[in-house]
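Here the structure is laid out as structure tokens; the discussion comes afterwards.
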Amino acid sequence: MSPPLIRVENLKVHFPVKQGLIWQRQVGWVKAVDGLNFTIQPGETLGLVGESGCGKSTTGRAILQMQRPTAGKVYFEDTELTALQGEPLRQQRQRMQMIFQDPYASLNPRMTVGSLVGEPLAVHQLAQGKEKRDRIYQLLAMVGLQPQYYHRYPHEFSGGQRQRIVIARALAANPDFIIGDEPIAALDVSIQAQVINLLQTLQTELGLTYLFIAHDLSVVRHIADRVAVMYLGKIVELADRVSLYENPLHPYTQSLLSAVPIPDPTLEAKRQRIILTGDVPSPMHPPKGCCFHTRCPFVMPACRQEPGPVFKAVSPGHSVACHLVEQ
Ligand SMILES: Nc1ncnc2c1ncn2[C@@H]1O[C@H](COP(=O)(O)OP(=O)(O)O)[C@@H](O)[C@H]1O
Ligand SMILES: [Mg+2]
């Protein structure tokens with residue numbers, strides 16, 4: 001196996017929680033990301049899935065150093081990003097891009113499509129004049145947009161087309177690694193598949209590596225090679241796509257999966273939904289022991305005790321943190 005493109009070691013992001021209007025007193029921490037370990041191979045898509053608030057976006061931002069981690073290390077090939085600052089970090093960042101959920105908020109409404117797509121070329125001084133214009137036309141073609149859109153403004157486009165502009169802009173500086181933070185969640189269902197297909201085609205043609213963030217397992221099923229399931233700042237299960245969908249081991253993964261419709265009508269008729277009771281606990285006061293024990297249908301006394309279950313491999317490429325699996 002080739003060395004990973006991205007390596008994340010014990011990544012933590014804890015936000016201080018402050019109270020009081022004038023003298024802001026720190027009253028605790030939100031452990032948004034609490035000790036993640038994973039790698040992403042070159043050319044691979046890793047799906048990162050979990051309910052809203054479990055720390056997915058913070059993980060993405062911490063990998064790119066848009067949010068400095070509290071602890072842990074992030075490597076891009078052999079370079080430790082967490083040790084870089086200033087110009088060396090800026091140079092590495094050029095090779096990584098993030099695409100956000102909302103294509104309406106990510107584009108400056110006062111800029112034309114051409115200047116939006118060309119902005120990274122100017123920022124990183126990659127091209128100017130005719131060379132820059134040609135590159136912008138090439139990028140528009142790559143994402144399936146007409147060259148005559150060059151002089152139009154974002155408000156003239158639909159959500160799907162805007163997300164194509166966002167993607168063209170992300171590709172401008174020729175990145176190796178792209179984080180999609182729920183990139184299709186805000187789009188009409190009919191448009192979602194088109195954008196997924198576009199991302200897959202671009203991946204094959206340009207040899208891109210993806211971290212694809214989604215809040216449910218149905219979306220990443222079509223795009224991810226491996227899937228990491230996150231709950232309250234921790235990865236509870238990580239496996240290749242086939243193992244995860246056919247043999248989910250963590251009760252949380254099982255419950256997420258039970259919510260995904262099955263295309264086969266006979267299997268779909270037999271699908272049992274596992275409805276979790278209670279709300280996601282506050283990341284300020286995560287449960288002791290296993291972080292999932294307050295909602296787990298199979299909770300045992302050991303699950304309430306410290307330390308929680310260890311995240312470990314049960315078969316090659318399939319890791320899980322659950323006491324049920326250890327027995
Ligand atoms: N800048 C911040 N300051 C304080 N808390 C934050 C900040 N960003 C995120 N959080 C908190 O961290 C947790 C994880 O957030 P986030 O990473 O956005 O989750 P997700 O993307 O999975 O919905 C949430 O409880 C959120 O309120
Ligand atoms: Mg998010």
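Start at 1 and go down the list; that is how both ligands and their atoms are numbered. Values in this document were obtained by computation on a predicted structure and should not be read as measured data.
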Nearest protein heavy atom with distance in Å, relative to atom 16 (P) of ligand 1: Thr58 OG1, 3.6 Å
Atom 20 (P) of ligand 1: the protein heavy-atom neighbour that sits closest, reported with distance to 0.1 Å: Gly53 N, 3.4 Å
Donor-acceptor under 3.5 Å (His293 side chain, Cys290 main chain): yes
Per-atom contacts of ligand 1 with Ser52, taking only distances under 4.0 Å to non-hydrogen atoms: 23 (O)
Lys/Arg N to Asp/Glu carboxylate O, Glu51 vs Arg295, below 4.0 Å: yes
Using a 3.5 Å cut-off and no angle test, enumerate the donor-acceptor pairs between side-chain atoms of residues 264-271 and protein atoms at least two apart in sequence or in another chain.
from: Asp264; atom 1: OD1; to: Thr266; atom 2: N; distance (Å): 2.9
from: Asp264; atom 1: OD1; to: Thr266; atom 2: OG1; distance (Å): 2.7
from: Asp264; atom 1: OD1; to: Leu267; atom 2: N; distance (Å): 3.4
from: Glu268; atom 1: OE1; to: Ile262; atom 2: N; distance (Å): 2.6
from: Glu268; atom 1: OE1; to: Arg271; atom 2: NE; distance (Å): 3.0
from: Glu268; atom 1: OE2; to: Arg271; atom 2: NE; distance (Å): 3.3
from: Glu268; atom 1: OE2; to: Arg271; atom 2: NH2; distance (Å): 2.9
from: Arg271; atom 1: NH1; to: Ser258; atom 2: O; distance (Å): 2.6

For atom 19 (O) of ligand 1, the protein heavy atom that lies nearest, with its residue and separation: Gly55 N, 3.2 Å
Donor-acceptor under 3.5 Å (Glu44 side chain, Leu5 main chain): no
Test of proximity, Lys56 against ligand 1: N or O pairs below 3.5 Å: yes
Identity and distance of the protein heavy atom lying nearest atom 18 (O) of ligand 1: Ser57 CB, 3.8 Å
Heteroatom distance test (Phe15, ligand 1): nitrogen or oxygen, under 3.5 angstrom: no
Distance flag for atom 26 (C) of ligand 1, protein heavy atom under 4.0 Å: no
Derivation of the salt bridge (charged side-chain N to carboxylate O under 4.0 Å, His left out) call for Glu77 and Arg95: CA-CA 11 Å; Glu77 289 172 339; Arg95 303 176 58 194; 3.4 Å; yes
Nitrogen or oxygen atoms of Gln67 and ligand 1 under 3.5 Å apart: no
Aromatic plane relationship, His155 with Tyr153 - under 30° parallel, 30 to 60° tilted, over 60° perpendicular: parallel
Distance filter under 2.8 Å, centred on the Mg ion (ligand 2) - protein N, O or S atoms that pass it: Ser57 OG
Co-membership, hydrophobic cluster, residues Val49 and Leu211, 4.5 Å side-chain: no
Minimum-distance pair of heavy atoms, taken over all atoms of Ala214 and Val219: CB-CB, 4.2 Å
Proximity to ligand 1 by part of Pro283, non-hydrogen separation under 4.0 Å: side chain
Leu276 side chain near Phe292 side chain, heavy-atom distance below 4.5 Å: yes
Leu48-Val236 co-clustered via ILVMFWY side chain contacts under 4.5 Å: no
Single-linkage hydrophobic cluster, 4.5 Å side-chain cutoff, Met96 and Tyr210 together: no
Cationic tip of Arg162 above Phe157 ring, under 6.0 Å, 45° of axis: no
Heavy atom of the protein closest to atom 11 (C) of ligand 1 (residue, atom name, distance): Val30 CG1, 4.0 Å
Contact (N/O only, under 3.5 Å) between Ala32 and ligand 1: no
